[in-house]
S.K.: 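Sharing a structure here in structure tokens format.
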Amino acid sequence: MKKFVEHQGIVAPLDRANVDTDMIIPKQFLKSIKRSGFGPNLFDELRYLDEGQPDQDCSGRPLNPDFVLNQARYQGTSILLARANFGCGSSREHAPWALEDFGIRAILAPSFADIFFNNSFKNGLLPIILTEAEIDQLFREVEAVPGYQLTIDLRNQAVIKPDGSRLPFEIDEFRKHCLLNGLDDIGLTLEHAQAIREYEAQRQQTAPWLFSN
Amino acid sequence: MAGKTLYDKLWDAHLVRANDDGSALLYIDRHLLHEVTSPQAFEGLRLAGRRPWRIEANLATPDHNVPTTERSGGVETIVDPVSRIQVKTLDENCDTFGITEFKMNDPRQGIVHVVGPEQGATLPGMTVVCGDSHTATHGAFAALAHGIGTSEVEHVLATQCLITKKMKNMLVRVDGQLGLGVTAKDVILHIIGVIGTAGGTGCAIEFGGEAIRSISMEGRMTICNMAIEAGARVGLVAADEKTIEYVKGRPYAPQGALWEKAAAAWRDLVSDEDAVFDKVVVIQGEDILPQVTWGTSPEMVAPVSALVPDPAVMSDAVQREGTERALKYMGLQPNQKITDIQLDRVFIGSCTNSRIEDLRAAAAVVKGKKVAASLKQALVVPGSGLVKAQAEAEGLDKIFIEAGMEWREPGCSMCLAMNPDKLGAGEHCASTSNRNFEGRQGFGGRTHLVSPAMAAAAAIAGHFVDVREWMQA
Ligand code: SF4
């Protein structure tokens with residue numbers, strides 16, 4: 001998993017509440033045997049004017065000019081500004097996979113759906129909860145200023161605006177530790193690599209046949 | 001202090017670390033892989049730039065998606081694109097990471113739960129996992145074995161460990177003797193009928209008692225295979241001389257001095273006399289008759305001589321409604337004789353019953369007889385290429401073919417509707433597999449779970465018969 005310490009990036013405003021996981025990545029893309037490569041199909045139905053098919057080359061598809069991520073000023077976006085209950089609906093982990101693959105590192109919203117919230121941390125994506133008022137204000141600023149960027153300082157738990165003002169946010173200590181160090185479940189277990197090696201060495205003595213091929 | 005159960009011993013021997021939250025890091029000795037649940041795990045490894053922790057602990061083979069008809073043309077000739085991609089992806093992943101794989105046309109390929117024990121890749125005292133719920137099968141070797149999900153497959157690949165919690169201990173003791181014509185399959189179906197599909201939830205079930213001791217390793221695998229249908233992720237049988245004898249000389253089994261040392265250690269893979277189980281169920285071997293499932297859950301099972309149950313006389317509303325729904329789906333009438341159920345297809349195969357002993361039992365029943373004209377198809381699908389070769393060396397293939405059955409290449413086949421072998425809507429099938437859920441063998445298909453001998457007899461008669469009558473004659 002990618003580490004998340006500090007990140008600065010262009011912000012795109014997705015001004016609708018209850019964005020569900022089917023909107024984030026429609027179900028026809030779930031047949032894939034992969035967990036990467038979902039980026040081109042992120043928000044497929046909003047982003048393109050035609051209907052997307054799995055394994056299709058998306059580069060020639062007609063784009064919906066009204067969709068925010070298609071607009072020139074939001075190219076290279078890595079921070080999504082969103083409304084309440086982001087990520088509701090089915091529990092598919094493909095949703096954070098698609099966001100991550102597209103290049104999104106953080107999502108700011110007044111609230112998130114539970115499973116999506118959990119799945120995001122597992123995939124190096126930082127969901128940040130701010131107040132309704134703070135989010136409203138950010139929407140106004142992002143829309144007013146082309147190229148608007150934010151900095152996210154995870155260590156100090158703050159979103160830093162261009163004018164230097166700071167919006168503090170809460171995060172569970174354990175999750176913060178995992179993100180700062182790029183630790184997913186596997187990363188956490190690998191923190192005990194020494195214990196695993198010691199176990200193996202001891203087993204090799206007591207049950208050598210388990211290591212004979 | 002009370003002694004340890006077999007499960008306690010296996011757990012303790014593999015504990016790397018107890019975590020603060022009550023979970024534990026358990027070391028995994030053998031990781032088996034197939035094409036359905038592994039692709040995203042390999043992809044995850046690649047994305048994170050990780051390598052498998054211990055490559056030689058892994059063994060892979062494709063089984064769910066492989067066609068069982070002539071397939072010498074190789075993977076490219078698999079018709080269904082999703083199936084083809086899954087099998088090819090497994091091949092590529094194993095090649096890239098250097099994992100041993102028995103590919104589709106390798107003589108050692110087969111259903112992963114048949115292949116592991118057959119190769120001696122499953123050894124007594126091991127922890128064995130696989131992204132497949134029927135991994136419980138390997139518990140027949142006094143190994144701690146259970147299914148895992150895809151993210152856990154990735155975790156095991158990367159760390160050789162699993163984050164898990166300890167289960168409860170349950171003992172199912174089958175005392176006494178089994179009657180003529182009563183097989184391991186009948187034992188486990190009977191057990192599920194008694195304890196229900198949730199009977200073992202949260203437990204590791206150890207199957208013990210005189211009747212279990214009398215059963216062969218193949219039969220013990222059949223029993224542990226269906227622990228999951230009794231709600232338990234783990235099934236276990238204590239090690240004895242049969243276990244050790246079965247493992248001896250297999251390709252992955254230890255040899256020479258190492259063998260002696262291993263065999264000595266394996267003799268301790270039993271529950272202590274004074275071990276305490278959280279739950280104990282005792283069954284009398286003599287009470288077990290040849291079984292047939294009549295419904296859409298493995299617990300909807302009855303002796304072949306019984307009648308289909310009548311929901312009208314059931315006092316429990318949930319049970320009554322469940323039965324009504326099942327009978328409707330299965331197209332059966334209350335109080336109909338089970339032996340009157342007419343069959344469309346017969347399937348002998350799956351990780352429950354596709355080993356050589358199963359095929360011998362089926363062949364003994366059909367020898368010199370012909371499949372009923374009313375049957376559309378009777379499939380015999382060996383569990384692995386080596387089972388197939390052994391059966392052919394014994395002439396079993398000829399017996400099946402002469403009886404009018406189809407003799408196939410190894411794979412999961414009609415156990416699940418994921419490859420071309422399927423039931424049509426409304427068709428009744430006598431199947432030696434393990435799940436009779438709605439649509440499991442094909443949309444609208446009606447599955448009746450039975451033993452290989454019972455399936456073979458049903459193929460000849462065109463309906464269920466009590467195979468014991470044929471044996472006495
Ligand atoms: S034979 Fe059936 S139950 Fe066994 S692994 Fe294959 S699909 Fe699963």
Side-chain angles (χ1 to χ4, degrees), chain A residues 1-3 28-39 53-55 91-94 96-98 100-101 118-119 121-125 173-174 178 181-213, chain B residues 13-17 19 25-27 29-30 35-36 38-48 50 53-54 56-57 81-82 85-86 88-90 93 100 120-121 123 125-127 150-152 154-163 251-255 257-259 261-263 265-266:
Chain A
M1 199 174 82
K2 264 192 226 157
K3 282 188 190 183
Q28 68 264 38
F29 302 107
L30 308 189
K31 269 193 216 151
S32 163
I33 47 150
K34 298 199 171 288
R35 65 196 287 168
S36 61
F38 292 104
Q53 299 302 329
D55 294 328
S91 64
R92 63 189 67 159
E93 199 161 330
H94 301 70
W97 292 347
E100 203 262 355
D101 194 65
N118 283 322
N119 284 341
F121 286 106
K122 284 191 196 159
N123 290 281
L125 189 65
E173 266 312 310
F174 178 67
C178 291
N181 297 290
L183 299 173
D184 46 19
D185 268 1
I186 294 175
L188 283 169
T189 295
L190 288 175
E191 288 200 320
H192 306 300
Q194 190 52 32
I196 302 172
R197 273 189 215 104
E198 279 163 17
Y199 172 86
E200 282 179 329
Q202 164 254 319
R203 268 304 254 189
Q204 223 146 3
Q205 297 301 314
T206 55
W209 57 89
L210 293 173
F211 297 83
S212 57
N213 56 44
Chain B
H14 291 89
L15 191 65
V16 174
R17 190 175 185 278
N19 294 326
L25 210 55
L26 207 64
Y27 191 79
D29 296 311
R30 178 66 68 202
E35 77 281 17
V36 181
S38 64
Q40 267 109 353
F42 280 111
E43 173 88 354
L45 272 195
R46 216 176 275 120
L47 286 174
R50 294 188 171 117
W53 178 277
R54 205 178 125 214
E56 63 280 10
V82 176
I85 288 173
Q86 287 193 347
K88 281 174 72 172
T89 305
L90 180 67
N93 283 327
T100 303
L123 294 175
M126 272 185 164
T127 40
T150 292
S151 54
E152 290 174 315
E154 184 182 341
H155 192 277
V156 172
L157 278 169
T159 69
Q160 211 52 50
C161 291
L162 189 69
I163 302 171
Y252 283 68
Q255 288 169 7
L258 218 46
W259 167 260
K261 204 170 169 192
W266 296 340

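All values below come from the heavy atoms of this structure, side chains included, with hydrogens, waters and symmetry mates left out. So that the names make sense, note that chain A is the first sequence line, chain B the second, and so on, each numbered from 1.
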S.K.: Can you name the nearest heavy-atom pair linking B:Gly125 to A:Arg203, along with the distance?
M.R.: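 Closest approach of B:Gly125 to A:Arg203, heavy atoms only: O-NH2, 3.9 Å.
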S.K.: Side chain, backbone, both or neither: which part of A:Ala195 has a non-hydrogen atom closer than 4.5 Å to chain B?
M.R.: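 It is both, since atoms from each part get that close.
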S.K.: B:Ala265, B:Ser38, B:Ala13: which one forms the most heavy-atom pairs within less than 4.5 Å of chain A?
M.R.: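 Most pairs with chain A among the choices: B:Ala13.
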S.K.: What part of B:Gln255 is in contact with chain A, defined as an atom under 4.5 angstrom from a non-hydrogen atom: side chain, backbone, both or neither?
M.R.: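 Neither; nothing under 4.5 Å.
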S.K.: Report the distance from atom CZ of A:Phe211 to atom CG of B:Asp29, rounding to the nearest 0.5 Å.
M.R.: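 One finds 6.5 Å between CZ of A:Phe211 and CG of B:Asp29.
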S.K.: Taking C-beta and beyond as the side chain, do A:Lys34 and B:Pro39 meet within less than 4.5 Å on heavy atoms?
M.R.: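 Counting from C-beta outward, A:Lys34 and B:Pro39 never come under 4.5 Å.
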S.K.: For the residue pair B:Trp266 and A:Trp209, categorise the inter-ring angle as parallel (less than 30°), tilted (30 to 60°) or perpendicular (more than 60°).
M.R.: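 It falls in the perpendicular class, over 60°.
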S.K.: With a 4.0 Å cut-off, would you call B:Arg17 and A:Glu191 a salt bridge?
M.R.: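 Not counted as a salt bridge, because no side-chain N and carboxylate O are separated by less than 4.0 Å.
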S.K.: Check for a donor-acceptor pair, side chain of B:Gln40 on one end and backbone N or O of A:Arg35 on the other, with a separation under 3.5 Å.
M.R.: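 Checking the backbone N and O of A:Arg35 against the side chain of B:Gln40, no donor-acceptor pair under 3.5 Å is found.
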S.K.: To the nearest 0.5 angstrom, please state how far the SG atom of B:Cys161 sits from the CD1 atom of A:Ile186.
M.R.: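 Reported value, rounded in 0.5 Å steps: 11.5 Å.
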S.K.: Any idea which of B:Ala121, B:Ala158, B:Gly44 has the most non-hydrogen atom pairs under 4.5 angstrom with chain A?
M.R.: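 Heavy-atom pair counts peak at B:Gly44.
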S.K.: How far does CG of B:Leu258 sit from CG of A:Leu210, to the nearest 0.5 angstrom?
M.R.: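 Rounded to the nearest 0.5 Å, the CG-CG separation comes out at 9.0 Å.
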S.K.: To the closest 0.5 Å, what do you measure between CG (A:Leu190) and CZ (B:Arg50)?
M.R.: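 One finds 5.5 Å between CG of A:Leu190 and CZ of B:Arg50.
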S.K.: With respect to chain B, which residue among A:Gln202, A:Lys2, A:His192 yields the maximal number of heavy-atom pairs within a distance under 4.5 Å?
M.R.: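 Top count of heavy-atom pairs under 4.5 Å with chain B: A:His192.
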S.K.: Looking just at side-chain N and O atoms, do A:Glu200 and B:Trp53 make a donor-acceptor pair shorter than 3.5 Å?
M.R.: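 Per modelled atom types, A:Glu200 and B:Trp53 side chains form a pair under 3.5 Å.
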S.K.: Does atom CD (A:Gln204) have a neighbourhood of more than 12 heavy atoms from anything else shown, all under 6.0 Å?
M.R.: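 Count over threshold, so yes.
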S.K.: Do the non-hydrogen side-chain atoms of A:Asp185 and B:Ser151 ever get within less than 4.5 Å of each other?
M.R.: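 Counting from C-beta outward, A:Asp185 and B:Ser151 never come under 4.5 Å.
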S.K.: Between A:Arg197, A:Met1, A:Lys122, which residue shows the highest count of heavy-atom pairs closer than 4.5 Å to chain B?
M.R.: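 Most heavy-atom pairs under 4.5 Å with chain B: A:Arg197.
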S.K.: Could you tell me if the side chain of A:Ile33 sits less than 4.5 Å from the side chain of B:Glu43, heavy atoms only?
M.R.: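 SC-SC contact between B:Glu43 and A:Ile33 ruled out.
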S.K.: How long is the gap from OG1 on A:Thr189 to NE2 on B:His155, to the nearest 0.5 Å?
M.R.: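 NE2 of B:His155 is found 2.5 Å from OG1 of A:Thr189.
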